[in-house]
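Reading through the structure tokens given below for one structure.
Atoms within a ligand are numbered from 1 in the order they appear, just like the ligands themselves.
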Amino acid sequence: MNERLKIAVNTGGGDAPGLNAVIYAVTMASYRRGWEVYGIQTGYAGLLDTEQIIRLTPEKVTGIVSMGGTILGTTNKGDPFRLPFKNALGEIEIRDVSDKIVSNFKRLGLDVLIAIGGDGSLRIAHRFAQMGMPVVGVPKTIDNDLASTIITFGFDTAVSTATEAIDKLHSTASAHERVMVVEVMGRNAGWIALNSGTSGSADVILIPEIPFRIKNVCDKIMNNELRGKRYGIVVAAEGARAEGGEVIHKGKTEDGRQDVLLGGIGEWVAREIQQQTGKDTRSLVLGHLQRGGSPTTFDRLLALRFGAAAVRFIAEGRRNVMVASAPPDMATVPLEVAVEKMKSVPLDSDSILTARDMGISFGDE
Ligand code: F6P
């Protein structure tokens with residue numbers, strides 16, 4: 001089959017290092033097959049205002065593999081099934097513009113959309129697939145919380161950034177004999193906290209999968225003190241919570257975003273440690289630093305492999321699937337399966353056992 005396909009590609013949700021590498025791979029692999037590639041800007045916005053669609057050519061994507069961000073732009077408040085608009089009175093109104101997007105897609109003669117996104121964007125892609133717009137998803141998120149793929153690109157870079165930050169905190173914490181509490185991203189999964197905390201030799205790691213008791217956290221700090229280690233490093237995932245307590249968040253924003261903005265657990269834990277142990281304690285939030293910058297070699301390669309595999313699977317006639325990393329290969333899973341469940345850290349995983357063997361506390365015992 002030597003069909004000349006017209007491929008569209010977009011990036012949705014929070015950005016993650018490696019997005020540009022996927023765009024590069026999709027463009028290069030498509031051009032090798034004589035296909036055309038069109039970049040849809042700002043999530044699905046480019047399919048509403050089609051002026052925003054850009055033709056992607058090898059020349060256009062030269063040099064982007066090592067760049068963070070996305071040349072197409074992205075948004076995590078652009079769900080076309082519930083898009084917020086300001087009406088004449090300045091009030092926010094929610095509209096469903098999905099029909100318009102599907103009709104524009106068909107009018108432009110596009111054959112398949114490669115949707116690069118996390119669970120939210122892939123859920124949207126799945127709904128479009130059900131409306132007759134052929135889609136192939138590529139899994140992206142620094143949180144690594146998609147169940148149907150072994151790993152998502154962006155995660156390795158985020159973990160490396162967090163580990164480097166933790167390494168730096170050791171010297172200042174030790175100089176002042178302080179406890180430093182660092183809050184990392186990850187939403188409802190503890191992957192970033194677990195991997196960076198273990199690699200960075202934290203004393204305590206708090207993750208959403210293991211509700212903690214603040215007394216256990218303080219005991220760990222004070223036991224270290226008795227043994228002569230007079231400073232401490234606590235890594236708290238933004239979704240971690242105390243036993244019987246609630247997740248701490250900043251509430252829902254008014255801009256049409258579906259989920260709450262997590263954040264604040266690091267500050268809470270630091271305050272409790274200071275009060276209960278008397279140790280000088282500071283907290284910091286790594287925040288969007290974890291999403292920025294150049295992708296690591298691992299993420300670049302993974303992103304290139306995802307993009308190239310998406311094109312190969314399209315050539316084979318596969319539609320309405322997500323590309324999944326299934327080492328040593330790439331595989332596909334139906335989109336409805338891909339968005340079914342999230343991937344939490346298994347409590348009996350080797351990484352948890354390793355951390356415990358290193359003497360790291362999860363605040364549960
Ligand atoms: O899903 C990626 C992520 O960075 C989460 O780790 C975090 O909770 C959220 O996005 C932050 O979203 P925003 O970019 O809207 O602040």
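- Distances shorter than 4.0 angstrom occur between a heavy atom of Gly186 and an atom of ligand 1.
- Atoms of ligand 1 lying under 4.0 Å from at least one heavy atom of His288, given by number and element, are 13 (P), 14 (O), 16 (O).
- Close contacts of ligand 1 with Met185, meaning ligand atoms under 4.0 Å from a residue heavy atom, involve 4 (O), 6 (O).
- With respect to Lys168 and Glu164, a salt bridge is recorded, a charged nitrogen being found less than 4.0 Å from a carboxylate O.
- Using a 30° and 60° split on the angle between ring planes, His170 and Tyr231 fall in the perpendicular class, above 60°.
- The residue among Arg291, Lys140, Lys77 with a heavy atom at the shortest distance from atom 14 (O) of ligand 1 is Arg291.
- Of all atoms in ligand 1, listed by their number and element, those nearer than 4.0 Å to a heavy atom of Leu261 are 15 (O), 16 (O).
- Neither the backbone nor the side chain of Gln290 has a heavy atom within less than 4.0 Å of ligand 1.
- For the atom pair OG1 (Thr161) and CZ (Arg291), the distance works out to 12.5 Å, reported to the nearest 0.5 Å.
- Looking at ligand 1, you'll find an N or O of Asp143 within less than 3.5 Å of one of its N or O atoms.
- Here Leu262 has no heavy atoms under 4.0 Å from ligand 1, in either its backbone or its side chain.
- The distance from atom CD1 of Ile53 to atom CG of Asn10, rounded to the nearest 0.5 Å, is 10.0 Å.
- Across the listed options Glu238, Arg187, His249, Glu238 owns the non-hydrogen atom lying nearest to atom 8 (O) of ligand 1.
- The residues Arg187 and Asp119 are annotated as salt-bridged, a charged nitrogen and a carboxylate oxygen being separated by less than 4.0 angstrom.
- Thr50 places no side-chain N or O within donor-acceptor distance of the main-chain N or O of Leu47, the cut-off being under 3.5 Å.
- Between Arg356 and Asp364 a salt bridge is recorded (basic side-chain N to carboxylate O distance below 4.0 Å).
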